[in-house]
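Index from 1, following the sequence. Predicted model only: the values in this text are computed from it and were never measured.
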Amino acid sequence: MDNISLRDLKKHLTTVPFDEMVADIITLYKDIPAVREYYLIKLCPAAEITLLEKYKKIIENEFFPNRGFGKARASVVRKAISDFKKIAKSPYNIVDLLFFHVSIGVDFTNSYGDIDDVFYASLGNSFEQALKYGFKHGIADEIRKSAKIVLEKCQGFGWGFSDVIDDIYYTYYDSYEEDND
């Protein structure tokens with residue numbers, strides 16, 4: 001058996017003695033950093049801001065490491081964002097991390113010159129994910145100012161990037177304004 005279903009897991013858990021289940025959770029907590037972070041946020045919600053800063057630092061180091069040149073690997077950034085999404089409770093913090101990715105990417109371009117289309121596609125994807133996530137979770141008004149700041153920061157960049165960011169922004173906020181008028 002290579003995989004078990006959620007149903008199989010639930011069935012198994014109903015048969016496990018409480019003490020054994022607690023021991024299993026403690027083992028997971030000790031061995032898997034993501035489990036530690038999950039419980040940290042669950043038991044101490046204020047710690048989510050600290051973890052947000054940790055994941056921002058991972059992204060920042062990918063673009064601007066303490067030594068040498070940044071590699072700007074989309075895979076590293078995607079993993080950091082994905083890992084944070086799995087543990088975060090606040091939709092605002094997830095949106096903030098996505099906006100941070102776009103902003104630091106623009107700073108990277110300002111520092112090192114024009115990058116390729118794939119690089120800008122990754123930034124555009126993060127911007128769209130942020131807006132989509134914000135609208136889905138009902139925080140469109142709260143993130144609008146931040147979205148506008150990112151939009152303005154992206155103006156004048158190559159490969160049609162600023163046009164893509166404009167299109168994404170106005171696709172969400174033009175239709176939003178029409179619905180709220």
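Below 30°, between 30° and 60°, or above 60°: for Phe63 and Phe119 the angle between ring planes is above 60°, a perpendicular geometry.
Side chain of Ser126 to backbone of Leu123: no donor-acceptor contact under 3.5 angstrom is found. Between the side chain of Tyr173 and the backbone N or O of Ala140 there is at least one donor-acceptor pair closer than 3.5 Å. Under the 3.5 Å distance criterion, the side-chain polar atoms of Glu48 are matched with a main-chain donor or acceptor of Ser90. Under a 3.5 Å cut-off, the side chain of Thr109 and the backbone N or O of Gly105 do form a donor-acceptor pair. Between the Thr171 side chain and the Asp167 main chain, a donor and an acceptor come within less than 3.5 Å of each other. Put simply, the side chain of Ser103 never gets that close to the backbone of Phe99: no donor and acceptor are under 3.5 Å apart.
Between Ile81 and Tyr55 the shortest side-chain heavy-atom distance does not fall below 4.5 Å. Within the 4.5 Å cutoff, side-chain heavy atoms of Ser111 are placed close to those of Phe64. Counting heavy atoms from C-beta outward, Ile25 and Tyr39 have side chains that approach closer than 4.5 Å. Taking the side chain as every heavy atom from C-beta outward, Leu97 and Ile59 approach each other to under 4.5 Å. The closest side-chain heavy-atom distance from Asp166 to Gln155 is below 4.5 Å. With contacts defined as side-chain heavy-atom distances shorter than 4.5 Å, the pair Asp96/Lys56 qualifies.
Annotation for Tyr112: atom OH counts as buried by contact number, over 12 foreign heavy atoms lying within 6.0 Å. Within a 6.0 Å sphere centred on NZ of Lys89, heavy atoms belonging to other residues, nucleotides or ligands number more than 12.
We find the CZ-NZ distance between Arg78 and Lys85 to be 12.0 Å, quoted to the nearest 0.5 Å. Atoms OG1 and CG, from Thr50 and Leu40 in turn, are 7.5 Å apart once rounded to the nearest 0.5 Å. Remark: Lys10 NZ to Thr15 OG1 distance equals 15.0 Å, nearest 0.5 Å. For the atom pair CD1 of Ile149 and CD1 of Ile143, the computed distance is 12.0 Å after rounding to the nearest 0.5 Å. Annotation: the span from Ile58 atom CD1 to Glu60 atom CD amounts to 11.5 Å, rounded to 0.5 Å. Taken to the nearest 0.5 Å, the CG atom of Leu151 stands 8.0 Å off from the CD1 atom of Ile165.
Leu51 and Ile49 fall into different hydrophobic clusters, defined by Ile, Leu, Val, Met, Phe, Trp and Tyr side-chain heavy atoms under 4.5 Å apart, directly or through other members. Val22 and Tyr29 are not part of a single hydrophobic cluster, where members link through side-chain heavy atoms under 4.5 Å apart. Hydrophobic cluster membership differs between Val102 and Val118, with clusters built from Ile, Leu, Val, Met, Phe, Trp and Tyr side chains linked at under 4.5 angstrom. Hydrophobic clustering places Tyr170 together with Leu131 (ILVMFWY residues linked when any side-chain heavy atoms are closer than 4.5 Å, directly or through intermediates).
Here the closest heavy-atom approach between residue Val95 and residue Tyr133 is recorded as CG2-CD2, 4.1 Å. In terms of heavy atoms, Met21 sits closest to Val16 at N-CG1, 3.7 Å. Listed here is the closest heavy atom pair of Cys154 and Val106: SG-CG2, 3.7 Å. Closest of all the heavy-atom pairs between Glu142 and Tyr92 is O-CE1, 4.2 Å. Between Phe161 and Gly124 the shortest heavy-atom distance is CE1-N, 3.9 Å. The two residues Ala34 and Ile87 come nearest to each other via the heavy atoms O-CG2, 3.8 Å.
Salt bridge absent: Lys86 and Glu37 never bring a charged side-chain N and a carboxylate O closer than 4.0 Å. In summary, Lys71 and Glu62 do not engage in a salt bridge, as defined by a charged side-chain N under 4.0 Å from a carboxylate O.
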Query raised in the report: For Phe127 and Leu98, what are the C-alpha separation, side-chain angles and deciding distance, and is it a side chain to side chain contact (heavy atoms under 4.5 Å, CB included)?
Result: CA-CA 6 Å; Phe127 189 69; Leu98 290 162; over 6 Å; no
Query - Working for side chain to side chain contact (heavy atoms under 4.5 Å, CB included), residues Tyr172 and Glu128 - result: CA-CA 9 Å; Tyr172 281 87; Glu128 185 163 22; 3.9 Å; yes
Report task. For Asn125 and Tyr120, run side-chain hydrogen bond (donor to acceptor under 3.5 Å, both in side chains): C-alpha distance rounded to whole Å, both residues' side-chain angles, the deciding distance at 0.1 Å, then the answer. Result -> CA-CA 8 Å; Asn125 185 43; Tyr120 292 117; over 6 Å; no
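Between the side chains of Asp8 and Ser5, at least one donor N or O sits under 3.5 Å from an acceptor N or O.
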